[in-house]
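Values below: all heavy atoms of this structure, side chains included; hydrogens, waters and symmetry mates excluded. If you're wondering where the values come from, they're calculated on a predicted model, not measured in any experiment.
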Amino acid sequence: MSDCLFCKIAAGEIPAEIVYEDDDVIAFNDISPQAPVHILLVPKKHIASTEYLDESNTDLIGKLVLAASKKAKKLNLDGYRLVMNCNEIAGQSVFHIHCHLLAGRPMLWPPG
Ligand code: 5GP
Ligand code: ZN
């Protein structure tokens with residue numbers, strides 16, 4: 001999608017600190033980290049939010065979560081949180097699906 005921040009990062013049109021990339025997924029450090037580790041895992045395909053997922057996306061979402069799991073293993077994280085915000089009321093500000101990988105500090109539950 002031409003006017004999407006994460007599509008532009010995935011296409012290399014806007015710089016980011018890339019920490020992982022394969023054919024389907026790209027991961028980069030969040031510009032405003034909320035924890036010592038704060039990585040955004042993004043499918044290269046544009047999907048606005050989890051609201052728009054259907055069965056055709058099953059493999060892609062599996063790959064996204066697997067990439068997060070592998071990255072966490074590589075970083076030797078002893079615990080972490082994966083977050084996907086859907087719509088503004090839940091905190092979504094960029095409307096291209098992404099998974100936050102947060103770690104390096106204690107995480108509260110329930111979240112705010
Ligand atoms: P959301 O609020 O949609 O769940 O998460 C969007 C995330 O994207 C936020 O944590 C925000 O800090 C991050 N973000 C916004 N703009 C940029 C950017 O230009 N570069 C990077 N690396 N992260 C961004
Ligand atoms: Zn996009």
Please step through side chain to side chain contact (heavy atoms under 4.5 Å, CB included) for the pair L40 and L101, ending with a clear verdict. CA-CA 6 Å; L40 300 172; L101 168 59; over 6 Å; no
From CA spacing to verdict: side-chain hydrogen bond (donor to acceptor under 3.5 Å, both in side chains), D54, S56: CA-CA 5 Å; D54 62 31; S56 72; 2.5 Å; yes
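The local environment of CD in E88 is sparse, with at most 12 non-hydrogen atoms from other residues, nucleotides or ligands closer than 6.0 Å.
Across A103 and G79, no two heavy atoms sit closer than the pair CB-O, 3.6 Å. Closest approach of G104 to P36, counting heavy atoms only: O-CG, 3.3 Å.
Residue L75 is not grouped with residue I18 when hydrophobic side chains (ILVMFWY) are merged at heavy-atom distances under 4.5 angstrom, including chains of intermediate members. The hydrophobic clustering, which links ILVMFWY residues whose side-chain heavy atoms are closer than 4.5 Å, places Y20 and V65 together. M84 and L5 end up in different hydrophobic clusters when Ile, Leu, Val, Met, Phe, Trp and Tyr side chains are linked at under 4.5 Å. Cluster annotation: V42 and I14 are assigned to the same hydrophobic cluster (Ile/Leu/Val/Met/Phe/Trp/Tyr, side-chain heavy-atom contacts under 4.5 Å, transitive). Hydrophobic cluster membership is shared by L77 and L82, with clusters built from Ile, Leu, Val, Met, Phe, Trp and Tyr side chains linked at under 4.5 angstrom.
A heavy-atom distance below 4.5 Å is not found between the side chains of D30 and I39. Inter-residue side-chain proximity for L102 and V37 is flagged as unmet; no heavy-atom pair is nearer than 4.5 Å. Within the 4.5 Å cutoff, the side chain of I9 has heavy atoms near those of the F28 side chain. By the 4.5 Å heavy-atom criterion applied to side chains, K44 and V25 are not counted as neighbours.
Residues that satisfy the salt bridge (charged side-chain N to carboxylate O under 4.0 Å, His left out) test with D3, not counting sequence neighbours, are K8. Here E17 pairs with N29 under the side chain to side chain contact (heavy atoms under 4.5 Å, CB included) rule; sequence neighbours left out.
With K73 contributing its side chain and A68 its backbone, the two residues share no donor-acceptor pair below 3.5 Å.
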N/O donor-acceptor pairs under 3.5 Å from side chains in residues 92-100, not counting sequence neighbours:
| from | atom 1 | to | atom 2 | distance (Å) |
| --- | --- | --- | --- | --- |
| Q92 | OE1 | N87 | N | 2.7 |
| Q92 | NE2 | A48 | O | 3.0 |
| Q92 | NE2 | V94 | O | 3.0 |
| H96 | ND1 | H46 | ND1 | 3.2 |
| H96 | NE2 | P43 | O | 2.7 |
| H96 | NE2 | K45 | O | 3.4 |
| H98 | ND1 | H96 | O | 2.6 |
| H100 | ND1 | H38 | NE2 | 2.8 |

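Put simply, CG on L41 and CG on L64 are 5.5 Å apart, with the number rounded to the nearest 0.5 Å.
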